[in-house]
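Only one structure is covered here, and it is reproduced in the block below.
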Protein chains: 2
Amino acid sequence: MAYAKVEHDVVIDKLMEVFRSSGYDGASMATLAQATQLKKASLYHRFPQGKEEMAHAVLRYVATWAKSRIADVPVVSDSTPEDRLDTALKAIDELYDGGRLDCILRALSHGSAANLFQKEIGAIFETLIRSFKHLALEFGHNEQQAQQLANELMVKIQGTLIVQRSLGQPSMFKAMLAEMSAKFMKTHF
Amino acid sequence: MAYAKVEHDVVIDKLMEVFRSSGYDGASMATLAQATQLKKASLYHRFPQGKEEMAHAVLRYVATWAKSRIADVPVVSDSTPEDRLDTALKAIDELYDGGRLDCILRALSHGSAANLFQKEIGAIFETLIRSFKHLALEFGHNEQQAQQLANELMVKIQGTLIVQRSLGQPSMFKAMLAEMSAKFMKTHF
DNA sequence: TACAATTTACCGAACGATCGGTAAAAATTT
DNA sequence: AAATTTTTACCGATCGTTCGGTAAATTGTA
């Protein structure tokens, strides 16, 4: 029988899709195999440590995503702070598909995964917060204000994803991003 | 052998404890039985529809909790709006043990439970939002401001629980409640 | 270039353990 | 004794995981 050849990037993407929508406990090997088009045994060839290693691989990808799409934005300069904030928030909006998709970091933070990936997830959150704090500083906010704005953004991203889903109001996420964008740009002197 | 007699309220409390910390998929019948001190078959006697019925029972309890501890606070009058807000937020703080405990509503919103309890969970959120909006109105905020404050509070409760855990900063939740309390009380004329 | 040796990638089948769920016996209450 | 509740004992299905083996790609050798 001809068998499937699947690119590593595609496998990671499909694994992330299952983990984020089903959570760590809800993602069964059978589901992960079906999603990746690989048989269970083939997944174990690529990830000898099984499900846990798959989740680690996904988080490694998310960490690089965060660095390239959020943290390194200021480096690609020749742009205004407004442009850079807009680019970063557009990346966030894309990551969550306008709030329709769950957060992979949250999905891997609960249940039996609660203590498995804590460090990596915390590091990614810190990267994101540091990046947005840096952006806030560029707008002229002081140290404390910048830190507070970055924290508030992360909290509202997570919170809005949950509340929006429970209330069935798919407009909340984009509205919240717009509101936070305005808050970043409005500096009080 | 003498067998266990466990009060209904205690069973519900233990079931909630497991669901909120393990999620719906992560909460196995074996775990639920161990936590309630009842054998699996005894749980099926009390909840013939199994895990799903147990979760429904827990949510029914949460709904009554929300009504008695949050929604009906204004009814027990002879108190200032400040007192009533403080009482409501203290109930929230207690429910989440200062941010150390997970949210049962969120825990039952994901994985294979995503579509099972949507309506009930949405209704509870709406009850809470309506209650806090009512409180905001008492402080003199206008319709739009009150709605916005209530929404913001719910979003920040959910978001802070997640971010606080991931960052390992157990002080965020209480700080956030205090900040929101101040925001409710500060009316702009 | 041709061919053999080795490594890499994938798969079907099965493992023990645990899953959610059930039937019938034993214990308790009324 | 009748009814209710908890228990023991068990079921088929699925869990994550492993094993034995095959197909394809790569490397080494002539």
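Lettering follows sequence order; numbering is per chain, from 1.
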Exercise for the section: Considering just the side-chain nitrogens and oxygens of B:Ser42, establish if one lies under 4.0 Å of OP1 or OP2 belonging to D:dT7. Expected result: yes
Practice task
May I have the distance from A:Leu116 (atom CG) to D:dG16 (atom P), rounded to whole angstrom?
Solution key: 14 Å
Fill in the blank from the handout: Of the listed D:dT18, C:dG20, D:dT7, the closest approach to the B:Lys40 side chain comes from C:dG20
Handout entry: Rounded distance (Å) that lies between atom P of D:dG20 and atom NE2 of A:His45
Key = 17 Å
Exercise for the section: Please check the phosphate of D:dT6 (OP1 and OP2 only) for any side-chain N or O of B:Lys39 closer than 4.0 Å. Expected result: no
Practice task
Compare side-chain N and O positions of B:Arg46 against OP1 and OP2 of D:dT6 and report whether any pair is under 4.0 Å apart.
Solution key: yes
Exercise for the section: When you get a sec, tell me which of C:dC11, D:dT8, D:dT17 is the closest nucleotide to the side chain of A:Lys51? Expected result: D:dT17
Completion exercise
Minimal heavy-atom distance between A:Lys40 and A:Ala30, with the atoms involved, is CD-N, 4.2 Å
Practice task
Report yes if at least one side-chain N or O of A:Tyr44 is closer than 4.0 Å to OP1 or OP2 of D:dT18; otherwise report no.
Solution key: no
Practice task
Answer with yes or no whether the hydrophobic clustering places A:Leu101 together with A:Phe173; edges join I, L, V, M, F, W, Y residues whose side-chain heavy atoms lie under 4.5 Å apart.
Solution key: no
Exercise for the section: Determine yes or no for a side-chain-to-main-chain donor-acceptor pair under 3.5 angstrom, with A:Lys67 supplying the side chain and A:Thr127 the backbone. Expected result: no
Practice task
Could you tell me the separation between the CG atom of B:Leu38 and the C1' atom of D:dT4, rounded to a whole number of Å?
Solution key: 14 Å
Problem - Integer-rounded Å distance: D:dT18 C1' and A:Met29 CE - result: 11 Å
Exercise for the section: Check the distance between C:dA9's P and A:His8's NE2 and give it to me in whole angstrom. Expected result: 11 Å
Problem - B:His141 and B:Phe184 aromatic ring geometry - parallel, tilted or perpendicular at 30°/60° bounds - result: perpendicular
Completion exercise
To the nearest angstrom, the CG-P distance between B:Asp25 and C:dC19 comes to 13 Å
Practice task
Can you tell me the distance, in whole Å, between the OH atom of B:Tyr24 and the P atom of C:dC19?
Solution key: 14 Å
Practice task
Give one of base, sugar-phosphate or nothing for B:Ala33, where a contact means two heavy atoms less than 4.0 Å apart.
Solution key: nothing
Completion exercise
Nearest heavy-atom contact between A:Phe47 and A:Glu53 is C-OE1, 3.3 Å
